[in-house]
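A quick write-up on the structure given underneath.
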Amino acid sequence: MVLERAAEDEEKWLAEGIAAIQQNAFYMHRALDANNLREALKYSALMLSELRTSNLSPHKYYDLYMRAFDELRRLEMFFKDESRHGVSIVDLYELVQHAGNILPRLYLLCTVGSVYIKSKEAPAKDILKDLVEMCRGVQHPIRGLFLRSYLSQVSRDKLPDIGSEYEGDGDTVMDAVEFVLQNFTEMNKLWVRLQHQSQGPGRIREKREKERSELRDLVGKNLHVLSQIEGVDLGIYKETVLPGVLEQVVNCKDDLAQYYLMECLIQVFPDEYHLQTLEALLGSCSQLQPTVDIKILLSQLMERLSNYAASSPDVLPEFLQVEAFAKLSSAIWKVIDAHAEMPVVGAISLYVSLLTFTLRVHPDRLDYVDQILGACVKKLSGKPKLEDRRATKQIVALLSAPIEKYNDVVRALTLPNYPRVMEYLDSSTNKQMAMVIIQSIMKNNTCIREADKVEVLFELIEGLVKDVEGIAVDELDEEDFNEEQNSVARLIHMLFNDDPEEMLKIICAVQKHIMGGGPKRLPFTVPPLVFSALRLVRRLQSQDGEVVGEELPATPRKLFQLLNQIIEALSSVPFPELALRLYLQCAEAAGDCDLEPVAYEFFTQAFVLYEEEVADSKAQVTAIHLIIGSLQRMSVFGVENRDTLTHKATGYSAKLLKKPDQCRAVYACSHLFWVDDQEGIKDGERVLLCLKRALRIANAAQQMASVTRGSTGPVTLFVEILNKYLYFFEKGNPQVTSSAIQSLVELIKNEMQSDSTTQDPASDTFFASTVRYIQYQTEKGGVMGERYEPIKV
Amino acid sequence: MNFLIGAFKPPCTISISFADGRTRKQVPLKKDNGQTVMVPLFESQESIIGEVVVEPLQGKKVEHIGVKIELLGQIELYFDRGNFYDFTSLVRELDVPGELYEGKTYPFEFSTVEMPYESYNGVNVRLRYILKATISRNIVSNIVESQDFVVRNYTPLPPINNSIKMEVGIEDCLHIEFEYNKSKYHLKDVIIGKIYFLLVRIKIKNMELEIRRRESTGSGHNTYVETETLAKFELMDGAPVRGESIPIRLFLSPYELTPTYRNINNKFSVKYYLNLVLVDEEDRRYFKQQEMTVYRLLETP
């Protein structure tokens with residue numbers, strides 16, 4: 001309410017001020033047109049008196065100022081032309097000082113002063129010095145700031161800069177620098193003083209502070225002017241400009257000003273100047289008010305320097321020459337030490353900047369990177385894990401930077417402090433970080449070849465590999481969890497070394513880490529490890545000829561022992577189906593290595609699992625088919641072992657719960673006795689036994705169906721068995737005869753015509769196709785055709 | 001009736017002119033009636049030479065018992081109006097008693113006249129110089145004509161001219177140190193100085209430098225003091241902080257100053273003061289007054 005009222009009043013005051021300025025400007029124009037100096041001075045002073053108001057906020061005051069500013073331009077034109085007013089510029093310079101009110105007086109003085117410099121009737125430096133000194137009379141912050149900004153504006157193009165027409169005759173660039181510096185100092189003092197006026201109740205104070213920050217560019221402009229002075233070379237910058245600016249910045253003891261001015265300083269001057277004056281610049285950083293956000297300043301500085309370093313390789317020696325890293329890092333340590341209360345996020349973000357800087361400037365210096373990480377650890381030590389979201393974000397940035405830079409996790413793995421930093425992350429961030437690492441590996445196809453690095457890597461991604469205390473696994477989002485574990489699985493494939501010995505070590509290392517992963521992780525992590533190990537087995541096997549000897553650490557036998565342990569862990573978890581599959585894989589591998597006992601052992605394990613753990617009937621079906629499949633491919637077994645195993649397999653097949661499953665498993669078993677290669681077993685009799693048994697089961701199934709449902713099931717099973725018959729018939733199994741096929745076809749036809757049979761288009765089509773196949777074979781003729789001849793369909 | 005009117009009119013006109021009237025510098029002088037006239041300017045020790053012309057009106061004769069010219073330096077105090085104190089009075093008899101039938105010119109000369117005081121036109125006092133020509137007559141009143149002139153006396157640069165430097169303050173409230181570069185200023189001088197703020201605990205709104213003229217007339221119980229502020233010159237806008245120093249540069253030429261007059265003929269004094277005034281936000285005024293001596297500088301060509 002109060003504020004609204006105040007705003008209304010302000011509008012009114014502004015309108016009044018503008019009106020008065022316009023009115024006096026009108027009379028001033030008349031006087032100018034009449035070349036009447038006295039009147040012109042009188043009305044211009046009256047006009048400028050409007051700027052004496054204290055009622056306006058900076059924003060509105062600026063409006064007023066700009067109007068007066070435009071009018072002063074016309075006055076200046078008039079002053080320039082001596083023929084119009086007949087007073088020498090020297091006298092004019094005195095004349096305007098007769099004005100009784102200081103503000104109009106000084107505006108006029110600056111206006112005449114600029115004409116005076118242009119006339120070159122007196123050294124520019126003397127006039128500038130006089131102007132900047134006289135302006136001290138205005139101590140009101142806003143009015144003073146605008147006055148001095150006017151001074152800065154009118155003098156800008158008249159500084160005795162190098163190459164400027166005002167240089168020479170004792171006017172040097174130093175005079176220009178001193179002038180701007182002094183004006184800057186005074187403006188800053190005024191600006192800072194505004195702070196002391198902004199005390200008051202909350203909202204008013206807030207408003208004042210906002211107003212104050214609106215004025216900051218007036219002050220910052222001076223630094224910009226300084227940076228634009230051509231003559232300011234590194235020497236002058238180092239000796240005069242920087243010390244002058246820093247002195248003011250430090251001494252003003254105002255956080256807003258310090259922050260803003262340091263920022264300006266960093267932005268407006270060239271990077272190479274900063275680089276050459278790092279010490280001074282950083283030294284003053286630690287002298288700033290504790291509330292100044294030094295970390296942002298330092299970050300900006302480092303970012304600029306980083307970009308500068310990246311801009312051209314030619315500048316890198318400069319960095320080395322001034323020991324930029326040492327200076328920056330010691331400055332940062334100091335800042336962090338000095339601001340013990342600084343939130344962790346601040347400290348970390350500083351380290352991130354420093355790290356970015358290091359990576360750009362000294363990409364080869366891994367020790368620097370580690371130093372930074374070490375400092376980070378020091379800062380974090382003794383603190384609990386981070387809760388602060390922003391802090392953890394910064395740490396992630398810190399840890400990601402080297403990975404992104406080098407595109408090579410291996411280099412990060414050589415940093416001893418890297419995992420130590422990670423320890424401070426909360427578990428979810430830790431995981432996130434681990435994912436970043438893994439993704440980097442994937443993206444760059446980085447192969448990790450050393451076991452010790454694998455160790456470190458797994459330490460880093462521990463959060464993914466193990467349960468973290470305090471967080472229940474079921475709290476996790478399943479989808480995320482799966483994705484994480486899939487990543488770990490993919491990672492395992494990236495760990496590879498051609499040297500079997502090292503590879504074995506890697507496998508052992510991985511095993512060590514993933515075994516503790518708990519029931520939810522093992523199904524993800526064990527298979528890749530198993531396959532990784534199997535890959536090694538295959539390689540060993542292929543080298544078998546050259547490398548012999550039991551003393552070698554990496555032998556298939558050893559690996560199989562290891563695999564056994566690994567899979568055992570999985571089966572006890574329990575993931576019997578998965579374990580079973582892996583056992584079968586191992587068994588096959590062992591078979592290929594001619595390790596019959598090992599293969600047998602694996603099969604045994606698989607059967608044990610089947611017996612004890614696989615209870616679900618569907619799972620059993622799948623499992624039994626897998627077993628059959630694997631067993632069929634195995635050629636390593638002696639007759640005895642083979643008999644035992646096939647017997648078991650057929651036995652289990654016939655004991656499946658559902659008849660159709662039984663039937664299918666049993667006819668699958670028929671393949672166990674007929675391996676279609678050179679020295680494969682070809683036991684036609686037992687094949688036929690299996691098929692007949694399958695037929696019996698199919699019959700039984702049909703009968704059961706008609707008893708329970710009143711109709712028999714479709715003929716699918718029969719058609720399937722028929723196909724098996726045809727397969728073995730073609731393979732030349734003497735036990736499988738054309739008459740047997742003939743009778744089976746008849747049987748199916750009968751079944752299909754029976755009323756009680758459920759019509760099923762799929763099985764009908766299946767049968768029709770099969771029949772068509774037989775006809776086709778017959779018609780094709782040749783050896784096969786002759787054999788098919790007797791079958792009439 | 002026409003002759004009657006003529007009878008009371010003075011039978012002649014008198015005019016006083018200066019020998020070097022054409023070349024001599026003229027300065028404005030404010031007359032009693034408020035009009036400003038230009039009158040010649042002299043300084044002490046100059047010779048005043050001229051002539052008095054008496055021109056009887058057409059066909060009139062002027063009977064007189066003597067013609068004289070006086071040079072008078074007078075001090076007139078307004079509270080004692082009508083009484084003039086002549087501190088200088090010189091007479092030249094121009095003619096013996098007789099009759100005038102036609103115009104007559106009397107040259108006169110006052111050589112190297114001592115005119116120690118300057119013409120001054122103040123609030124309560126006036127110091128003036130006049131030439132008064134008198135045709136004395138019997139019975140009827142004398143015929144008198146007077147001519148003002150102005151005297152100004154120049155002083156060379158003072159050999160000693162110390163600055164005015166002072167530290168003043170209110171305990172725990174305001175402490176300032178100020179300095180004016182001189183204690184004696186000539187009329188076209190410029191006051192250069194500095195105010196240094198040692199301690200500021202009050203909210204200052206602005207600061208001005210005033211030039212005040214203190215004219216005291218009479219003596220003893222009859223002393224009248226009149227103070228005028230001739231200049232109000234804003235030195236500073238806003239509130240300074242500790243350690244701030246504010247420049248002073250005040251040109252005296254725009255102001256109508258006179259030199260300082262000390263105890264002129266025991267009748268009056270005119271003194272000048274520099275008054276430094278600080279105004280706080282509640283419009284309270286804190287000031288410190290310092291006398292400055294004003295002199296008329298002998299302009300060396």
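To find a chain, count down the sequence lines: A is the first, B the second, and so on, and within it residues start at 1. No experiment lies behind these values; they were computed from the predicted model shown.
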Tell me, yes or no, whether the heavy-atom count around [X] atom [atom1], taken from other residues, nucleotides or ligands under 6.0 Å, exceeds 12.
| X | atom1 | value |
| --- | --- | --- |
| Tyr154(B) | OH | yes |
| Phe287(B) | CZ | no |
| Phe69(A) | CZ | yes |
| Lys129(A) | NZ | no |
| Lys221(A) | NZ | no |

With a 4.5 angstrom heavy-atom cut-off, could you sort out which part of Lys194(B) is near chain A: side chain, backbone, both or neither?
->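 When you check distances to chain A, only side chain atoms of Lys194(B) fall under 4.5 Å.
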
Side chain, backbone, both or neither of Glu244(B) within contact of chain A (heavy atoms, under 4.5 Å) |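 Only the side chain of Glu244(B) comes within 4.5 Å of chain A.
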
Would you indicate whether the side-chain heavy atoms of Gln139(A) and Ile246(B) approach each other to under 4.5 Å?
-> yes

Would you please go through residues 247-256 of chain B and name the residues with a non-hydrogen atom below 4.5 Å from one of chain A, in numerical order?
-> Pro247(B), Arg249(B), Phe251(B), Ser253(B), Pro254(B), Tyr255(B)

Considering residues at least two apart in sequence or located in another chain, which fulfil the side-chain hydrogen bond (donor to acceptor under 3.5 Å, both in side chains) criterion with Ser114(A)?
->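 Expected list: Glu76(A).
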
Check step by step if side-chain contact (heavy atoms from CB on, under 4.5 Å) holds for Val138(A) and Met236(B).
-> CA-CA 5 Å; Val138(A) 180; Met236(B) 184 184 74; over 6 Å; no

Top contributor to chain B contacts, counting heavy-atom pairs under 4.5 Å, from Arg52(A), Glu133(A), Arg105(A), Arg143(A) =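 Of Arg52(A), Glu133(A), Arg105(A), Arg143(A), Arg105(A) has the most heavy-atom pairs under 4.5 Å with chain B.
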
Hey, which of Asp130(A), Leu103(A), Ile142(A), Leu190(A) has the most heavy atom pairs under 4.5 Å with chain B?
->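 With the most close heavy-atom pairs to chain B, the winner is Asp130(A).
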
Shortest non-hydrogen contact from Glu234(B) to Ile102(A)?
->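 Of all heavy-atom pairs spanning Glu234(B) and Ile102(A), the closest is OE1-N, 2.8 Å.
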
